[in-house]
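In what follows, a structure is listed as C-alpha cells, so that the remarks can point back to it.
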Amino acid sequence: MSAISIIPERCTGCQACEMVCSLSHEGSCSPSLSRIRMKKWDEISVFIPIVCQQCEKPPCVDICPTGARKRALATDTVITDEKRCVGCKSCYYACPYSAPVLHPVTKRTMTCDLCNGQPLCTQVCAAGALSYKPEGDVSAEKRRAFAQTLLHFMRPR
C-alpha cells in the first residue's frame, strides 16, 4: 500500500503542496481546493501537512452511509465517488487523520488520490517534509509515528 510520508518537523508552512494540488486537480491555486492541508499550531509555531494516509482498513470507507468512499482498484487509493457523496462529513469524523476535505463549491468530499502514483505535492516540497513511498515501503510503524506526532501537538498543554 502506498502513501505520502510526512516529517512535520521539516515543514515550513510554505503551502507549495496545497497550491500544486489545487492547481492539478481543480485548475486553480487555492488552499481550499487542495486535497492536502496545512495545519498550524500557533502556540508552538509548528506546521503539519494533513493528507490521507491510505489506511489498510479505512474507517472512512466503513462509515460512509452512501458507499461513496471506496478503494479504487486500479490505484489502491481511498477515493470518493462524488456522484454518491452527500457531504455528510461522516468520513471526516471517522478518519484518524481528519484527512477528507469538503469541496467549497460542490460540498462533496475530496481526498488525496496520490496523483496516479506521482504525487505532485512531494515533488514541490523543498523542505523535504513530504515524500512518496511506493507500495510496500510505507509501514504501519511510520503511520503510527506520524499519528503520535499529531497527538503530541494536539494535546492541551
Side-chain angles (χ1 to χ4, degrees), residues 1-11 15 17-18 20-26 30-41 46-125 129-155:
M1 185 174 350
S2 303
I4 293 173
S5 182
I6 301 169
I7 304 173
E9 301 83 29
R10 292 186 182 172
C11 182
Q15 295 183 294
C17 56
E18 290 178 321
V20 74
C21 178
S22 65
L23 183 62
S24 70
H25 286 89
E26 301 290 329
S30 171
S32 67
L33 297 172
S34 177
R35 280 120 177 98
I36 185 170
R37 292 179 332 283
M38 196 60 51
K39 176 73 176 165
K40 181 181 181 191
W41 275 272
V46 171
F47 296 95
I48 297 181
I50 306 294
V51 67
C52 181
Q53 292 296 297
Q54 306 297 333
C55 300
E56 188 175 337
K57 295 180 183 176
C60 62
V61 170
D62 293 337
I63 202 165
C64 182
T66 64
R69 300 283 295 175
K70 59 187 175 185
R71 188 171 298 280
L73 298 177
T75 60
D76 198 35
T77 57
V78 178
I79 60 167
T80 302
D81 178 344
E82 292 187 28
K83 293 175 185 163
R84 297 182 81 173
C85 178
V86 295
C88 70
K89 298 184 188 177
S90 293
C91 57
Y92 172 83
Y93 295 114
C95 177
Y97 303 100
S98 300
V101 181
L102 282 186
H103 191 287
V105 176
T106 67
K107 305 298 184 203
R108 304 290 198 271
T109 303
M110 304 184 297
T111 304
C112 175
D113 60 5
L114 297 177
C115 298
N116 293 317
Q118 300 291 321
L120 297 173
C121 60
T122 64
Q123 296 173 38
V124 300
C125 184
L130 303 174
S131 61
Y132 177 66
K133 305 296 180 187
E135 187 170 341
D137 285 353
V138 176
S139 68
E141 192 58 40
K142 286 184 183 179
R143 287 198 185 119
R144 275 193 287 279
F146 174 61
Q148 288 303 317
T149 301
L150 278 178
L151 287 174
H152 170 72
F153 289 116
M154 293 174 72
R155 285 191 187 117

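- Looking at heavy atoms from C-beta onward, Pro100 lies in side-chain contact with Arg69 at the 4.5 angstrom threshold.
- Here Cys88 contributes atom SG and Arg108 contributes atom CZ; the two are 11.0 Å apart, rounded to the nearest 0.5 Å.
- Minimum heavy-atom separation, Cys17 to Cys121: CB-CB, 3.6 Å.
- Side-chain N or O atoms of Thr66 include one that pairs as donor or acceptor with a backbone N or O of Arg84 at under 3.5 Å.
- Side-chain N/O atoms of Glu82 and His103 include no donor and acceptor closer than 3.5 Å.
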Would you please test Cys115 and His25 for side chain to side chain contact (heavy atoms under 4.5 Å, CB included) and show each step? CA-CA 9 Å; Cys115 298; His25 286 89; 3.9 Å; yes
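- Between Lys70 and Cys64 the shortest side-chain heavy-atom distance does not fall below 4.5 Å.
- At least one donor-acceptor pair under 3.5 Å links the side chain of Arg37 to the backbone N or O of Ala99.
- Across Cys85 and Thr109, no two heavy atoms sit closer than the pair SG-N, 3.3 Å.
- No side-chain donor-acceptor contact under 3.5 Å links Gln54 to the backbone of Ile4.
- Between the CG atom in Leu114 and the SG atom in Cys112 there is a gap of 4.5 Å [rounded to 0.5 Å].
- The closest side-chain heavy-atom distance from Tyr132 to Ser2 is below 4.5 Å.
- Minimum interatomic distance between Trp41 and Ile48 (heavy atoms only, all atoms of both residues): CZ3-CD1, 3.4 Å.
- No more than 12 heavy atoms of other residues, nucleotides or ligands lie within 6.0 Å of NZ in Lys89, so this atom counts as exposed by the packing criterion.
- Taking all atoms of both residues into account, the shortest heavy-atom contact from Pro119 to Thr122 is O-OG1, 2.7 Å.
- We find that Arg35 and Asp113 are not joined by a salt bridge, their nearest charged nitrogen and carboxylate oxygen being 4.0 Å or further apart.
- Taking the side chain as every heavy atom from C-beta outward, Leu102 and Tyr92 never approach each other to under 4.5 Å.
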Check the pair Leu130, Ile6 against side chain to side chain contact (heavy atoms under 4.5 Å, CB included), reporting the backbone distance first and the verdict last. CA-CA 5 Å; Leu130 303 174; Ile6 301 169; 3.8 Å; yes
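- Note on Arg71 versus Glu56: no salt bridge recorded, every NZ/NE/NH1/NH2 to OD/OE distance being 4.0 Å or above.
- Remark: side-chain polar atoms of Gln15 are not paired, donor with acceptor, to backbone N or O of Met38 under 3.5 angstrom.
- Residues satisfying the side chain to side chain contact (heavy atoms under 4.5 Å, CB included) test with Ser24, not counting sequence neighbours, are Leu120.
- In this structure, the side chain of Ser22 does not engage the main chain of Leu33 through any donor-acceptor pair within 3.5 Å.
- Residue Ser90 holds its OG atom at 12.0 Å from CG of Asp62, rounded to the nearest 0.5 Å.
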